[in-house]
Protein chains: 2
Amino acid sequence: MNTSNSDVEDLEPRSVVDDVVAQMRDLISERGLTVGDQLPTEKELCEIFGASRNTVREAMRILKAYGVVKVRPKVGATIVDNRMSSAMDMFSFNVMDISRDTFSDIQGFRCLLEVSSVEEIFDSITDEDIADLREINAKLLKTGGVERAAEQDFLFHTRLIRVLRNKAILDVYGLMKPVILKIIQKGKTRHTFENNTYHEHEAVIDAIVARDRIAYQYRMKTHLEAGYAHFSETSPFAENSK
Amino acid sequence: MNTSNSDVEDLEPRSVVDDVVAQMRDLISERGLTVGDQLPTEKELCEIFGASRNTVREAMRILKAYGVVKVRPKVGATIVDNRMSSAMDMFSFNVMDISRDTFSDIQGFRCLLEVSSVEEIFDSITDEDIADLREINAKLLKTGGVERAAEQDFLFHTRLIRVLRNKAILDVYGLMKPVILKIIQKGKTRHTFENNTYHEHEAVIDAIVARDRIAYQYRMKTHLEAGYAHFSETSPFAENSK
DNA sequence: TTAACCCTATTTGTCCAACAAGAAGCTGTC
DNA sequence: GACAGCTTCTTGTTGGACAAATAGGGTTAA
């Protein structure tokens, strides 16, 4: 019923910094500022908001963390939009012991993106896409080390997503990269060999070339679930929390 | 070829604050800290990192902006994981004039999530889900005002996504809320009436109840594209940048 | 011994002042 | 008019100060 954006626990009085952030958002909105425009200097912002420079700076740090402004020393702050990149930075913190539920969810998401989107992929894919996929997959055989192989594996799936020519989906896929990498790594360290992955990928590509909808969905689903099978029973990252 | 995470323009020497952020990430990782654990006090962090308190505070602001820590005054900082919520805060800034490409991408994403996921929806949906959907849709008729109606419309689609029982997908859908709302609003201000939307939603629900895969996909796709049709020719939000 | 109370130290939030380094703009000279 | 040099401005960082409120310890009373 409660459709408020943030959680209900807003009993805490908002700090001055939070207030300045809100005022800055309003200021950007009121002045119709957009990407490339310059923000007032810190001193001016101090006068506008009636806050000290430290407070303004902390607020500015938040905007920078959001990827909304870019500050060049001794020059000033300009509005940008690197929010997707910033979102990826957010997930560079391994603060959460990734639960099995999260893994399930991400894996389900991948299935939706890569398996259920057959039609769109078949519609959009070009010979160049297929050549790229084969090239990336070929490198998988020559890649040593679990982490490198996982990166290459992820690269293959990213390239497949790229076929959809949809930046939003690509960004979201990039957002899930850390978790996907762990899923892949876990699969590889268990018993799956690069050879295995390579042949599964090839089979997927073959199905695409043949425009065999059923085969594609079956092979991709099997491939994804093979990497995920190891999470089914055991708690995935118990060894992480020492 | 370049698979670096951030852009190439990292010539700028990292500031001390960025350095402290990185060190905090390492500290969290090394000590195996996880959700619920306490971080050292600001003074201790100053000594650990050899930085001044203001610098440490600015770094802490970044972590707070990321939704990685929660600071309670006079108590300290504890590790949390509100990154998805923080991501939504990020997108509360209307700094970018949303391009038609972005609209296209988001709309395509919605199609993938809501249309292509028929099988999963049909598999998972319960009578309670359907009752909720009908109830939400019924409120659409009694909701006045474009913005309120758009919210209610969005609520309907969110509830449908919730059927998938996948938090990752739900979070991503929430992430796209601002853009989706604008798409819906634009559609409504043109010529679509609440009545229209209501009946389209009802038709979708009926298709679900009948487990009619073809009808569902057709109706949902038509419904989504109807709202989006107005963006096809004209530049969507030229009037926004005054 | 236990419970209640009070006091002190601690911790975060905010502010002020200062300096360094470098960019931008102005000025004077040729 | 063009260029060199200077001044001013702006951000990055540091240190210190105070307020407010909590946590914890010590004291006292039952």
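Naming: A, B, ... by sequence-line order, numbering from 1 per chain. As a basis for the values below, the full set of heavy atoms in this structure was taken, side chains included, without hydrogen atoms, waters or symmetry mates.
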Could you work out which one of C/dT12, D/dT10, D/dT22 sits closest to the side chain of B/P73?
C/dT12

Of the listed C/dT11, D/dG12, C/dA21, the closest approach to the A/E42 side chain comes from D/dG12

Both A/G50 and A/K74 contact DNA chain C. Which one's nearest nucleotide lies toward the 5' end?
A/G50

So B/S15 and B/D18, side chain to side chain donor-acceptor pair (under 3.5 Å) or not? Walk me through it.
CA-CA 5 Å; B/S15 70; B/D18 295 332; 3.2 Å; yes

Taking NZ from A/K43 and P from C/dC15, how many angstroms apart are they, rounded to a whole number?
17 Å

State which of C/dT12, D/dA23, D/dG12 makes the closest approach to the side chain of B/V75.
D/dA23

So, using side chain to side chain donor-acceptor pair (under 3.5 Å) as the criterion, who are the partners of A/N54 when residues are at least two apart?
none

When rounded to whole Å, the CG to P distance for the pair B/L45 and C/dT12 reads 8 Å

In residues 55-63 of chain B, which ones come under 4.0 Å of DNA chain D, going by heavy atoms?
B/T55

Report the residues that fulfil ring-ring contact (aromatic ring centres under 6.0 Å, His included) with A/F154, sequence neighbours left out, ordered by chain and then residue number.
A/Y173

Whole angstrom value for the distance that separates P of D/dT22 from CZ of B/R72:
11 Å

Nucleotide N/O to protein N/O under 3.5 Å, stretch nucleotides 16-18 of chain D:
{"unit_1": "D/dA17", "atom_1": "N6", "unit_2": "B/R53", "atom_2": "NH1", "d": "3.3"}

Sequence neighbours left out, what passes salt bridge (charged side-chain N to carboxylate O under 4.0 Å, His left out) with A/D129? Give chain and number order.
A/R159, A/R165

With B/E147, which residues qualify under side chain to side chain donor-acceptor pair (under 3.5 Å), at least two apart?
none

Find which nucleotide of DNA chain D each of A/L39 and B/A51 is nearest to by heavy atoms, and output the residue with the more 5' nucleotide.
A/L39

Show every ring pair (Phe, Tyr, Trp, His ring centres under 6.0 Å) that has at least one partner inside residues 15-41 of chain B, sequence neighbours left out.
none

Just to verify, what does B/K64 make a side chain to side chain donor-acceptor pair (under 3.5 Å) with, not counting sequence neighbours?
none

Across all chains, not counting sequence neighbours, the ring-ring contact (aromatic ring centres under 6.0 Å, His included) partners of B/F109 are none

